[in-house]
Amino acid sequence: MNWNEFAHWGKEISDWAADYHSTIRDRPVRAQIVPGDISKQLPGSPPETSETMEDILSDFESIVMPGMTHWQHPRFFAYFPANAAPPSMLADMLVTTIASQCMLWQTSPAATEMEGVMIDWLRQALGLPPGYTGVIQDSASSATLSAVLTMRERATGFTGNRDGLSDKGKLRIYCSDQVHSSIDRACWVAGIGQSNLVKIPSKSAGLGFGMDTDDLRQRIAEDRAAGHIPAGIIAITGGTGIGAWDALDEIAGVAQIEGLYTHLDAAWAGSAMICPEFREAFWHGVDQFDSIVFNPHKWLGAQFDCSVQFLRDPMPQINTLKIVPEFLQTPGKDVINYSEWTIPLGRRFRALKIWFLIRAYGLEGLRSRIRNHVIWSRETCEAIRKMAGFEIVTEPMLSLFSFRCPGNDANQQKLVDALNDDGRIYLTQGAHDGRAIIRFQVGQFDTKREDVMLAIEAITDVWKKMTHAETGVPQNG
Ligand code: PLP
């Protein structure tokens with residue numbers, strides 16, 4: 001392909017993109033196919049000779065598109081969102097075009113310097129105090145792994161990387177039972193082990209389902225008495241299941257007395273902290289955390305992938321991860337090389353999409369979306385509360401709540417499946433207190449109030465259509 005052809009197809013594809021987004025409400029949200037439907041249409045071996053872009057794009061429409069679930073659909077209420085606001089997409093197109101590898105300052109000075117400034121813009125936007133620096137990673141999982149490795153190295157006097165862990169004893173990390181599975185996985189791959197991740201039971205509803213800090217203190221004391229080595233505490237603001245949040249000031253207080261490193265996973269809810277009114281309730285005490293991760297690619301609108309890790313002092317993480325062979329040295333330059341702060345060496349220019357996003361909407365534009373999502377989620381919650389036999393299991397935390405339809409656990413999955421087959425909306429299931437639940441969150445960038453109202457209509461309709469034989473519930477019969 002020459003660059004003239006590239007320009008032609010680039011225009012075709014951006015027209016296609018605009019059309020896709022303007023007609024997306026006509027598509028079912030979740031892909032309506034069965035396993036194997038797509039792979040059986042793809043040739044089993046690669047072509048030996050070139051094919052035309054016309055043919056490739058035509059196959060893209062007919063084979064690939066039916067197998068896509070539409071995360072940018074305004075009636076996507078499943079999981080958490082993965083937004084891609086148009087200005088951030090344009091920035092990513094520029095980044096893809098220039099295709100620089102931004103591992104060192106000198107391999108793209110603008111990327112490094114923009115990253116430092118965007119971290120500081122976001123620090124201010126989220127109300128964190130001056131002094132925090134940070135780095136942009138691909139995902140919250142990577143940021144959490146970086147933090148867990150830092151806990152490990154700090155607790156072993158920075159000897160784990162050098163000597164391995166075989167003679168280090170049991171390093172312990174503490175979190176609540178509401179954290180995301182990325183915390184478990186970070187402990188697996190950092191050599192801490194699942195059995196040394198101590199999950200403190202969460203407290204009741206009014207307290208945000210956060211961890212019990214008396215229990216935390218006691219577990220740390222017991223571990224010390226048993227000769228184990230407490231290494232760090234991981235807190236959550238906005239857990240994936242039901243939006244649990246920890247009392248950050250209490251946890252930070254324990255960490256300070258015990259000399260432990262702290263990491264906060266605010267992957268989803270962190271974006272909402274651009275609205276000052278949510279900070280007091282959900283992250284009072286955040287300014288005492290050593291490491292904080294939030295994903296602008298979830299709720300803020302930056303195209304995936306874009307995960308920001310703030311660090312109160314970057315040195316423990318740099319001392320954990322920095323490795324500078326001869327070929328990566330930049331003699332005579334007092335600069336930041338962000339690849340020394342993270343696990344992968346290679347890095348995309350992710351700061352550009354944050355710059356485009358914030359300039360194109362202003363913080364007020366981004367705040368108003370998040371505030372609307374929170375209001376509409378509450379409206380939906382109230383409507384479902386009034387539906388005969390339906391139960392709100394957990395009240396809205398920001399824009400996430402959970403509910404149950406009448407009947408047993410199996411009915412919850414049946415309703416989720418029927419709704420997703422219906423296609424007007426997309427929801428996912430979960431579990432809370434040993435019972436199946438249905439999660440509902442509002443967060444897609446283009447969602448309007450009528451999309452959320454349509455969700456109430458879809459839930460009502462689909463439930464009514466489910467037969468008595470399917471649900472065992474009389475009023476359906
Ligand atoms: N933490 C929480 C609370 C999440 O909800 C998620 C994903 O949804 C993650 C971490 C993992 O995020 P990532 O996909 O960026 O690794």
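Just follow the structure's listing: the first ligand is 1, and inside any ligand the first atom is 1.
With respect to the salt-bridge test (charged N to carboxylate O, under 4.0 angstrom), the residues Asp451 and Arg25 qualify.
Between Trp463 and Phe390, the ring center distance clears the sub-6.0 Å criterion. With ring centers used as reference points, Trp71 lies under 6.0 Å from Tyr79.
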Tabulate distances under 3.5 Å between N/O atoms of ligand 1 and N/O atoms of the protein, writing both atom names on each line.
from, atom 1, to, atom 2, distance (Å)
ligand 1, 1 (N), Asp265, OD1, 3.2
ligand 1, 1 (N), Asp265, OD2, 2.6
ligand 1, 5 (O), Thr240, OG1, 2.8
ligand 1, 8 (O), Lys298, NZ, 3.2
ligand 1, 12 (O), Lys298, NZ, 3.4
ligand 1, 15 (O), Ala140, N, 2.8
ligand 1, 15 (O), Asn295, ND2, 2.9
ligand 1, 16 (O), Ala140, N, 3.4
ligand 1, 16 (O), Ser141, N, 2.9
ligand 1, 16 (O), Ser141, OG, 2.5

Run Thr447 and His373 through side-chain hydrogen bond (donor to acceptor under 3.5 Å, both in side chains) and show every step you take.
CA-CA 8 Å; Thr447 297; His373 295 162; 4.9 Å; no

After noting the C-alpha distance and the side-chain angles of Ser139 and Ser142, does the key distance pass the side-chain hydrogen bond (donor to acceptor under 3.5 Å, both in side chains) rule?
CA-CA 5 Å; Ser139 64; Ser142 300; 3.2 Å; yes

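Arg27 is linked by a salt bridge (charged side-chain N to carboxylate O under 4.0 Å, His left out) to nothing, counting only residues two or more places apart in sequence or in another chain.
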